[in-house]
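Here is the structure we will look at.
For the single chain, residues carry numbers from 1 onward in sequence order.
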Amino acid sequence: SWQAPEAIQDDDFGDTPVVFLGPNNHNWLAVGNKDGYLYVLDTTAITAGPVWKLKMANGGGNPIKGIIAPTAFLAGSVTNPSSGQTCAHGVLFLAAGNTTLAGKAVGGSISAMCADTGAILWQSGTTGLVWAAPTLANGLLADQQGKTEELRDWTTGQVLQHFTLSQNIYDAATFANSRLYVGANDHALYAFGL
């Protein structure tokens, strides 16, 4: 076991960890904390602490400002065609709470980072905290913020489409049969053609 250092009030792990194969052929675990950090640990040496960690949000309790959405993992090599940067050992896609990007305060963020090092492939601000895990399929990433469902290119983070619903979205979207399905707080299930 390993315990994150207590830095703020209500700085527990509020999301579900994701396990993936690290470059040393050990299983690595990525988990976000309400303190705003994403921690990546080697499961064969948990007591040694993080292989790497990255501050992705300001962190804090109520209202939550840290990380509560599970991180998504994509195996293989991904290159951002805009910057030419490559993640050779997989990519972690993370939704986080409020932070500052390029000197501007944002309510939340969506980021893609190299799973082995934490190097940022791309990062985009959102108007609010993203509650649900990003969802991946066929080069697309779906994320939710408030009442808005966004569909992005997973290599660049560029928004390709967005949909605004009548109520907030707290659950992850699902890709199936060339459609994007998402439920909202109005008790409805929405299907969008892709």
Side-chain angles (χ1 to χ4, degrees), residues 8-16 18 30-38 54-74 78 80 82-83 91-113 118-137 139-175 179-194:
I8 57 172
Q9 184 179 10
D10 194 30
D11 65 346
D12 56 286
F13 291 102
D15 76 352
T16 304
V18 62
V31 61
N33 190 294
K34 290 183 196 171
D35 66 3
Y37 279 93
L38 178 70
L54 197 58
K55 182 83 168 173
M56 299 301 294
N58 294 332
N62 298 312
I64 296 168
K65 301 173 186 75
I67 301 168
I68 60 167
T71 303
F73 173 73
L74 176 68
V78 174
N80 182 332
S82 302
S83 66
V91 179
L92 293 169
F93 296 92
L94 174 74
N98 64 22
T99 190
T100 302
L101 298 179
K104 179 182 175 187
V106 293
S109 68
I110 297 290
S111 305
M113 63 200 71
I120 301 292
L121 188 63
W122 57 261
Q123 191 170 35
S124 181
T126 60
T127 55
L129 172 72
V130 181
W131 290 87
T135 307
L136 307 170
L140 300 174
L141 178 145
D143 67 80
Q144 305 78 29
Q145 50 175 311
K147 300 175 183 179
T148 303
E149 178 72 36
E150 295 179 323
L151 199 57
R152 299 175 185 267
D153 178 318
W154 73 25
T155 63
T156 64
Q158 177 185 356
V159 176
L160 304 172
Q161 295 181 50
H162 70 276
F163 313 100
T164 302
L165 307 182
S166 63
Q167 295 289 323
N168 286 337
I169 306 163
Y170 296 111
D171 295 327
T174 299
F175 290 97
R179 287 182 170 72
L180 179 69
Y181 296 92
V182 62
N185 214 29
D186 60 0
H187 310 287
L189 177 67
Y190 295 85
F192 301 100
L194 302 176

Start with the C-alpha distance between M113 and V91, add both sets of side-chain angles, then the distance that settles side chain to side chain contact (heavy atoms under 4.5 Å, CB included), and finish with yes or no. CA-CA 6 Å; M113 63 200 71; V91 179; 5.9 Å; no
May I have the step-by-step check of side chain to side chain contact (heavy atoms under 4.5 Å, CB included) for N33 and L38, ending in yes or no? CA-CA 6 Å; N33 190 294; L38 178 70; over 6 Å; no
Let me see the working for I110 and V130 under side chain to side chain contact (heavy atoms under 4.5 Å, CB included), right down to the final yes or no. CA-CA 8 Å; I110 297 290; V130 181; 3.9 Å; yes
Could you go through I120 and L54, starting from their C-alpha distance and side-chain angles, then the distance that decides it, and tell me whether this counts as side chain to side chain contact (heavy atoms under 4.5 Å, CB included)? CA-CA 10 Å; I120 301 292; L54 197 58; 3.8 Å; yes
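L140 is listed as a side-chain neighbour of L160, based on a closest heavy-atom distance under 4.5 Å. Contact annotation: the side chain of T174 never approaches that of L180 to less than 4.5 Å [non-hydrogen atoms, C-beta and beyond]. In this structure the side chain of V18 reaches within 4.5 angstrom of the side chain of L92, judged on heavy atoms. Side chains of K65 and L129 form no contact here, defined as non-hydrogen atoms less than 4.5 Å apart.
Separation of atoms CH2 (W154) and CZ (F93) is listed at 6.5 Å; rounding is to 0.5 Å. Rounding to the nearest 0.5 Å places CG of D153 at 9.5 Å from CG of L141. Once rounded to the nearest 0.5 Å, the distance linking CG of D143 with NE2 of H162 reads 12.0 Å. Here NZ of K147 is found 9.0 Å from OG1 of T164. Values are rounded to the nearest 0.5 Å. Once rounded to the nearest 0.5 Å, the distance linking CG of D186 with CG of N168 reads 10.0 Å. Atoms CZ and NZ, from F13 and K34 in turn, are 11.5 Å apart once rounded to the nearest 0.5 Å.
Residues A172 and A133 come closest through the heavy atom pair CB-O, 3.5 Å. Nearest heavy-atom pair, S109 versus Q123, reported as atom, atom and distance to 0.1 Å: OG-NE2, 4.2 Å. Taking both residues in full, the closest heavy atoms of S82 and T156 are given as OG-CG2, 3.8 Å, listed atom of the first, atom of the second, then distance. Residues L151 and L194 come closest through the heavy atom pair CD2-CD2, 3.4 Å. The two residues A95 and I67 have their closest heavy-atom pair at O-CG2, 3.8 Å. Closest of all the heavy-atom pairs between A173 and T135 is O-OG1, 2.8 Å.
Ring planes of F163 and F192: parallel class, angle under 30° (limits at 30 and 60°).
Between E150 and Q144, the side chains place no donor N or O within less than 3.5 Å of an acceptor N or O (distance only, hydrogens not considered). Side-chain atoms of S124 and R152 form a donor-acceptor pair, as typed in the model, at a separation below 3.5 Å.
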